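See structure below.
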Amino acid sequence: MAEEEHGHHGGAWKIAYADFVTAMMAFFLLMWLVNATTETQRSGIADYFAQPNILARGPSGSGQPFGGSSLNSAGQLVADQPMVPQLRQAPPGPDADEEQEEQAPAEPARPRFRRAPPSPPGEVDEAQQQAEAARRQELAQAAEQIRQAIRSDAALAELGRQLMVEEVPEGLRIQLVDAEGRPVFQTGQAAPNERGRALLARVAGVLAGLPHPVEITGHTDASPFRGGGDRSNWDLSAERANATRRLLVEGGVAERRMVGVSGRADRDLLVPGNPLDAGNRRVAVLMLIPVPGGSAP
């Protein structure tokens, strides 16, 4: 009986020994981490265990065992990515529904866009002047090419007065006009005569080498149309404009460049003082080159 009483002493010492071994393992693990990590890594570990409240000024939960900087350290923290504080919500209580109704939902952050500063007025004016100078040069070259094409043909030299080439705000306007005794369109007919076709062929040769859109309008004088039926000067002027379009396309001008074909009858007279003047009977070909800062009609 006595031997059984001396053989049993309890197991409390085992718990104390296990705590001691655990503490020693933690101590040796801590020493290994101190030797195996860099100063930057230790500072990051300290920040991880620091308090998330940026307003707190007490010691962090880690106590800064690695000597690194934390949110509570003096000086400014610098991070590769901006740190956004996260708010922890308290567990809902009996008055949670009332508080949610009183507080308006926060609007999501909107990105801010910074507009580029406007160019100084001097630079804008200089750019517009350069663009206008280039436009005028292109118009002058095209006009001179058309005039030279007419002068180079002895058969067409006398008809040069019936081909009007002028620079307008919309671009370059080329008008093929009738003259007393020298019409380019037969009376009451839509198709131009041989002289008119020859002039349009020269014009087409120049326009074919340019990229700009083309608009064609037909015009008549104030003399009533005598063709009979329901046709009028409106029909005749539109048919002459369309016949001119076909001749220009045959001469090499791309069909896709045609942006308008219309007839104006006697509503836009070239010689307003004499509505019956032969010069009012004409076809106008407008190559659209708008002024800088404007747009083609």
Side-chain angles (χ1 to χ4, degrees), residues 1-134 211 290 292-295:
M1 183 68 67
E3 292 179 358
E4 294 180 357
E5 293 178 355
H6 290 285
H8 181 71
H9 297 283
W13 66 272
K14 298 179 181 180
I15 297 176
Y17 180 74
D19 293 340
F20 173 75
V21 173
T22 302
M24 292 300 295
M25 290 179 62
F27 175 74
F28 285 113
L29 179 62
L30 177 61
M31 293 297 99
W32 177 80
L33 288 174
V34 170
N35 294 327
T37 57
T38 63
E39 182 66 24
T40 303
Q41 292 173 339
R42 290 194 293 271
S43 176
I45 296 174
D47 289 340
Y48 177 80
F49 289 99
Q51 294 181 3
N53 187 0
I54 195 171
L55 299 178
R57 294 304 175 188
S60 65
S62 64
Q64 301 183 11
F66 302 107
S69 300
S70 66
L71 294 176
N72 300 323
S73 301
Q76 183 178 3
L77 296 177
V78 179
D80 294 337
Q81 299 293 335
M83 299 179 63
V84 181
Q86 297 181 355
L87 301 179
R88 297 182 179 178
Q89 296 182 354
D95 299 332
D97 296 338
E98 297 179 359
E99 294 179 357
Q100 290 180 358
E101 293 179 358
E102 294 177 358
Q103 296 179 355
E107 295 183 358
R110 298 181 179 179
R112 296 182 179 180
F113 298 94
R114 182 174 58 185
R115 295 184 178 180
S119 301
E123 296 182 2
V124 176
D125 294 341
E126 183 179 357
Q128 290 182 351
Q129 292 176 1
Q130 294 177 354
E132 175 63 20
S295 59

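The structure displayed is predicted, hence computed values, not measured ones.
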Query - Donor-acceptor pair, side chain of Thr22 and main chain of Ala18, under 3.5 angstrom - result: yes
**Report entry** Listed partners of Met25 passing side chain to side chain contact (heavy atoms under 4.5 Å, CB included), at least two apart
**Finding:**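 Checked Met25 against side chain to side chain contact (heavy atoms under 4.5 Å, CB included); matches are Val21.
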**Report entry** Thr38: side chain to side chain contact (heavy atoms under 4.5 Å, CB included) partners, not counting sequence neighbours
**Finding:**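 With sequence neighbours excluded, Thr38 shows a side chain to side chain contact (heavy atoms under 4.5 Å, CB included) to Thr40, Gln41, given in chain and number order.
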